[in-house]
Amino acid sequence: MKTLLEIRSSMQSAQGQSSRLADQFVAKWRAAHPGGRVIVRDLATAPVPHLDADRFGAFIAKPDERTAGQIATVGCSDALVAELKSADVVVLAVPLYNFGIPSTLKAYFDHIARAGVTFRYTDKGPVGLLTGKQAVVFATRGGRYAGTALDSQTPYLRAFLGFVGITDVEFVYAEGLAISEAAREAALAGARSRIDELLSPQLRAA
Ligand SMILES: Cc1cc2nc3c(=O)[nH]c(=O)nc-3n(C[C@H](O)[C@H](O)[C@H](O)COP(=O)(O)O)c2cc1C
């Protein structure tokens with residue numbers, strides 16, 4: 001049984017354009033994978049705390065020396081990591097906010113990047129431990145930035161996901177959503193047809 005984890009990061013929760021596109025992908029994925037399991041992690045309704053010195057201290061403390069508070073803090077991170085590890089497919093709904101990813105998603109990433117847990121250091125550099133997964137990113141933007149130096153999200157997300165071992169990453173863009181009604185409709189229609197392509201039997205078999 002395959003598991004899909006959908007991570008929403010729009011402040012509008014399920015109403016965000018990125019979440020709606022991700023939901024459309026998930027609905028079609030469900031139809032193609034009867035019996036598949038879907039987990040939705042909504043960072044607007046259930047935000048992860050920002051990383052601070054205490055939280056990071058808990059992560060790096062030796063397991064047998066952790067205080068009760070540190071055990072609880074690490075438990076929150078461990079649960080997020082276990083959820084991510086359980087997923088075969090990770091769907092990320094990512095709006096562009098002020099030239100970056102939503103801070104809620106950054107806080108989530110800060111909880112799942114754990115040395116010895118999701119990556120490890122070796123003589124040849126860091127090695128990601130979350131291998132064998134596919135990721136699809138639904139990137140929604142008011143303007144148009146894909147393929148330009150102003151698109152900070154694509155290289156960052158590729159680098160971060162690759163760092164933890166997720167190297168099979170597809171981006172589906174819906175850009176120019178604030179330009180005009182026509183531009184928005186065209187962008188969303190383009191993203192929807194990309195969903196159909198990604199879930200076509202030929203591509204899935206490849
Ligand atoms: C706080 C905020 C900041 C934004 N910053 C940008 C930006 O830097 N560049 C851009 O093209 N669009 C920007 N937008 C527009 C969003 O990227 C666009 O509305 C997108 O559809 C939001 O996705 P969502 O509906 O899933 O939340 C911003 C929107 C908000 C609310």
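Please read these numbers as outputs of a predicted model, since none were measured by experiment. Numbering of ligands and ligand atoms starts at 1, following listing order. The analysis underlying the following values was restricted to heavy atoms, covering all of them including side chains, and did not include hydrogens, waters or symmetry mates.
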Name the residues in contact with ligand 1, where contact means a heavy atom under 4.0 Å away: which are they? Ser10, Met11, Gly16, Gln17, Ser18, Pro95, Leu96, Tyr97, Asn98, Phe99, Thr140, Arg141, Gly142, Gly143, Tyr145, Leu177
Under a single-linkage definition using a 4.5 Å side-chain heavy-atom cutoff for Ile, Leu, Val, Met, Phe, Trp and Tyr, are Ile195 and Tyr173 assigned to the same hydrophobic cluster? no
Answer whether the closest heavy-atom distance between the side chains of Val94 and Pro102 falls below 4.5 Å. yes
List, by chain and then residue number, the residues other than Leu150 in its hydrophobic cluster (Ile/Leu/Val/Met/Phe/Trp/Tyr, side-chain heavy atoms under 4.5 Å); write none if there are no others. Leu96, Phe99, Tyr145
Keeping to residues at least two apart or across chains, list the salt bridge (Lys or Arg N to Asp or Glu O under 4.0 Å) pairs with something in residues 25-39. Lys28-Asp196
Phe160, Phe109, Phe163 screened by ring-ring contact (aromatic ring centres under 6.0 Å, His included) with Phe119, the one that passes: Phe163
Please list, one pair per line, the donor and acceptor atoms closer than 3.5 Å that link side chains of residues 43-60 to other protein atoms, with sequence neighbours excluded.
{"residue": "Thr45", "atom": "OG1", "partner": "Asp42", "partner atom": "O", "Å": "3.4"}
{"residue": "Asp52", "atom": "OD1", "partner": "Asp54", "partner atom": "N", "Å": "3.3"}
{"residue": "Asp52", "atom": "OD1", "partner": "Arg55", "partner atom": "N", "Å": "2.8"}
{"residue": "Arg55", "atom": "NE", "partner": "His111", "partner atom": "NE2", "Å": "3.0"}

